[in-house]
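Let me begin by presenting the structure, written as structure tokens, before commenting on it.
Ligands are counted one by one from 1 in listed order, and the atoms in each one are counted from 1 as well. When reading the values below, keep in mind they use all heavy atoms of this one structure, side chains included, and skip hydrogens, waters and symmetry mates.
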Amino acid sequence: MTERVAQVALPLPLFEPYTYSIPDSIADRVVPGARVVVPVRRRELVGIVVGKGEGGRGEGDDGVTPSAAVTPSVARGPTFAIRDILAAPDAEPALTPPMLRTAEWMAGYYGAPIGIALKAMLPAPMWGESRVILTVKDGRSVGRLGGLAEQVLEWVEGRGGTAPLDTAARHFRKPLWEVADRLARVGAAELLVEPAEADPSTLIERRLEVSGDPLTLVERDAKFARRAKQRRLYETLEQLGGSVPVKHLRDSLGMSDAVIRALTDSGLARVVKTERMRDPFAGEPGTPPPAKLTPEQAEVLESVEGLAPGSGALLFGVTGSGKTLVYLRAVERAVASGRGAIVLVPEIGLTPQMVSRVRGMFGNNVAVLHSGLSDGERADAWRLLRRGERRVAVGARSAVFAPVRDLGLIVVDEEHEQSYKNGEAPRYHAREVARVRAKLEGARFVFGSATPSLETYSLFGAGPTDLPSSRPTALFRLPHRIDDRPMPPVEIVDLRTARRVATGTSVPWSGALDTALNTVLARGEQAILLLNRRGFAAFIQCPECGLVRECPDCSIALTLHRVPPGLRCHYCGKHFPVPAQCSNCGHPVQRAHGIGTQQLEELVAARFPKARLARMDLDTTSARWSHHRILERIEKGQVDILLGTQMIAKGMDFPNVTLVGVVDADTALHLPDFRAGERTYQLLAQVAGRAGRGPKGGRVLVQTRSPEHPALKFAASHDTEGFLAHEAEERKNPPYPPETSLLNVVVSAEQESRTTEEALAVADWLSKLIETQGLPLVLLGPAPCPLTRIKARWRWHVLVKGPVEEIGRVVRYAAPRLEGRGARVVLDRDPVSLL
Ligand code: ADP
Ligand code: ZN
């Protein structure tokens with residue numbers, strides 16, 4: 001009987017890990033960060049060792065987390081008998097010490113259970129309910145081992161050389177952990193922890209494809225006379241890039257088999273069977289990088305080199321200044337010096353150009369981590385990186401956890417993007433994790449943006465200094481576009497006074513925008529139109545009694561959609577048929593109000609019938625890789641006008657785009673969130689940055705009813721720093737980040753009364769804590785969230801403001817204790833949205 005024990009985390013919401021004893025035979029492998037198989041009730045699960053010995057893991061002693069807890073932690077230790085660890089399948093621990101420390105930091109900082117923090121870090125199928133697979137490595141061992149080991153090896157060989165260990169155990173009617181361990185150690189077999197692979201039949205997919213040349217509008221009217229459904233299907237296909245999985249058409253877009261058949265019978269489309277496209281980037285050679293750095297780029301690169309290990313910089317470069325090449329060269333240098341790198345992008349599907357550039361430079365040395373990967377592929381990519389067979393990882397938020405060996409550099413492109421914040425526990429911000437991980441690994445980091453968040457900007461440059469002690473200081477600038485191309489002039493069109501063109505729609509359409517678009521089309525150039533709301537109309541209302549159709553589960557008006565027709569909730573996704581009459585008064589006509597991208601598309605198609613259109617929003621990009629296909633068509637010059645929501649504003653580099661039109665700049669300006677102005681500024685500056693990237697130049701037209709708003713005025717003069725300075729002042733009183741640190745405590749329940757009661761109780765508990773501990777914190781609320789109901793749950797919140805250390809103490813103390821009675825209590829530290 002050994003005295004030694006280990007603490008093992010499982011992907012469960014438990015604030016304390018389980019304790020197990022360590023059998024001598026595997027003691028050398030049971031180290032922090034290693035995967036182990038442990039008994040949990042009557043199951044066997046794969047967990048991660050987070051500590052050894054009786055004391056448990058040390059918390060907050062890394063200089064990154066302030067360590068003082070409000071009171072000593074809750075009593076630890078199991079109340080049941082300690083059981084043995086069954087196996088330690090990996091020769092090398094899955095997580096390195098810095099990665100484990102990163103997970104611990106994340107658990108402490110965001111108030112998440114360690115198992116939940118680790119869950120975000122490791123591909124889920126690699127632990128928890130995974131299977132251990134035994135694979136024969138050296139068949140010649142048969143005949144040398146003797147005993148049960150010999151029989152097991154032979155049996156596995158007989159099954160083709162590989163078998164799940166639990167299957168073998170059932171066959172031999174006894175646990176085989178020791179045998180498996182012995183086989184692995186003598187090199188006869190390998191133990192792999194594997195996800196249960198997806199059914200191979202799901203890898204074949206039926207797609208509907210457009211066939212023949214695109215139809216002109218006149219041909220359409222002729223072919224589809226009295227065949228509205230077929231036309232809708234055909235046009236949906238077109239919008240989605242010409243090829244869409246049949247399953248998606250049927251399940252998500254509500255197209256019937258009969259209509260699909262009718263369209264194929266008419267020869268306008270055909271069904272093809274293809275292997276499900278797993279990675280549209282995989283087959284591509286990638287874009288080779290420009291050969292030479294400009295002197296400005298070279299200088300920034302040298303500065304990045306000069307950063308002390310563990311520190312980093314904000315690369316503040318205007319749109320089109322060539323930030324990407326700086327990242328690539330910095331990654332190249334890291335790799336040349338024998339280290340690895342991570343490149344984070346806001347959303348992998350939205351940034352194929354970035355991926356293509358990284359691929360172009362590093363070829364097969366890159367692992368692209370995207371949501372289209374199957375469990376098995378994800379585990380493979382993970383292993384390749386962990387073993388050092390791939391040195392560069394590219395991916396969205398969670399790629400910050402890529403197990404890159406000897407990490408030398410982390411790049412966070414478009415650092416201001418909200419998508420870097422995780423929407424569920426652990427509610428981490430990848431940019432902050434990048435900072436902590438870089439410090440722990442002795443790596444450098446670079447945060448890049450043309451429109452930095454005020455938080456990052458004030459951390460690296462001017463601004464308030466009431467921030468963590470590990471304050472980095474480097475701010476590198478690329479103030480000019482490549483080839484000294486001018487920033488495109490931005491013209492503000494005041495919708496209250498501007499001459500309008502009658503279009504027969506509700507879309508505000510100024511003469512200025514109309515003329516500009518005509519000019520661009522006549523020259524054979526491309527245009528982008530931004531309208532940050534999808535659907536056809538914002539809501540429908542009864543003209544008689546005034547009733548607005550709302551989602552029964554969310555406190556929000558339903559959006560009217562045309563393709564496919566229906567009312568949709570943009571929060572929970574539910575859809576409903578368009579009512580023929582008012583449900584309240586029975587009035588037969590319902591009126592649509594407000595606008596969306598579908599209505600804009602209708603307007604543009606009618607006004608510019610010869611132009612080739614593409615619409616890009618959540619509705620046209622929900623099919624796998626459809627976004628990628630649309631961008632491809634633009635690149636090939638098959639699209640004259642691209643219209644869509646904010647996703648068209650991101651990172652695209654198309655030199656032939658000479659006009660950007662913002663149809664309504666005010667969509668997010670007046671939201672009840674302290675970042676509404678910042679978001680609007682970023683969106684305008686980013687979308688404006690898509691114009692004039694080539695030698696032909698470009699211009700930007702912004703339609704608004706709030707031309708005096710600072711977000712618009714500063715955007716019109718490309719004055720990002722002016723805007724940031726203004727915004728920093730705004731955040732002083734009442735204080736908001738970065739002036740103060742923020743914790744949003746959201747209480748939700750299905751019953752309204754339960755929600756308010758619990759929110760009051762939580763606020764009361766927090767204010768007592770603040771008072772008894774004498775913490776310099778301010779508590780606001782409880783109050784209903786601006787979105788008071790989402791997915792049939794009522795929502796109230798309490799805001800806590802104050803210095804980062806004290807907020808941290810409250811989070812660590814409250815997280816394991818704040819349990820709503822019949823309500824859900826979420827601690828959202830550094831929230832990106834207060835809605
Ligand atoms: P940003 O990300 O800063 O908006 P990009 O990195 O997309 O800008 O660069 C803008 C354009 O300039 C791209 O087409 C890129 O290929 C080109 N470019 C960047 N660096 C150079 C260079 N050193 N020489 C020539 N072209 C370059
Ligand atoms: Zn809803």
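- Cation-pi geometry between R562 and F536 is met: the NZ or CZ atom falls under 6.0 Å from the ring centre, inside 45° of the normal.
- With rounding to the nearest 0.5 Å, the separation of CZ in F723 from CG in L454 is 8.5 Å.
- Once rounded to the nearest 0.5 Å, the distance linking CG of L314 with CZ of F445 reads 10.0 Å.
- A donor-acceptor contact closer than 3.5 angstrom is absent between the side chains of Q526 and T658.
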Do any nitrogen or oxygen atoms of ligand 1 lie under 3.5 Å from a protein nitrogen or oxygen, and which ones?
unit_1	atom_1	unit_2	atom_2	d
ligand 1	2 (O)	T324	OG1	3.4
ligand 1	3 (O)	S321	N	3.3
ligand 1	3 (O)	S321	OG	3.4
ligand 1	3 (O)	G322	N	3.1
ligand 1	3 (O)	K323	N	3.0
ligand 1	3 (O)	K323	NZ	2.9
ligand 1	4 (O)	G320	N	2.6
ligand 1	4 (O)	R693	NH2	2.8
ligand 1	6 (O)	T324	N	3.1
ligand 1	6 (O)	T324	OG1	2.8
ligand 1	7 (O)	R357	NH1	3.1
ligand 1	8 (O)	G322	N	3.2
ligand 1	14 (O)	D653	OD2	2.4
ligand 1	20 (N)	Q297	NE2	3.0
ligand 1	23 (N)	K292	O	2.5
ligand 1	23 (N)	Q297	OE1	2.9

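- Remark: R397 engages N422, Y428, A430 in a side-chain contact (heavy atoms from CB on, under 4.5 Å) (not counting sequence neighbours).
- Within the sub-2.8 Å shell of the Zn ion (ligand 2), the protein contributes these N/O/S atoms: C551 SG, C554 SG, C569 SG, C572 SG.
- Results of the side-chain contact (heavy atoms from CB on, under 4.5 Å) test with V662 over I528, T667, V702 single out V702 as the only residue that passes.
- Relative ring orientation between F460 and F447 is described as perpendicular, the plane-to-plane angle rising above 60° on a 0-90° scale split at 30° and 60°.
- Side-chain atoms of Y457 and S449 include no donor-acceptor pair closer than 3.5 Å.
- Remark: Q581 engages no residue in a side-chain contact (heavy atoms from CB on, under 4.5 Å) (not counting sequence neighbours).
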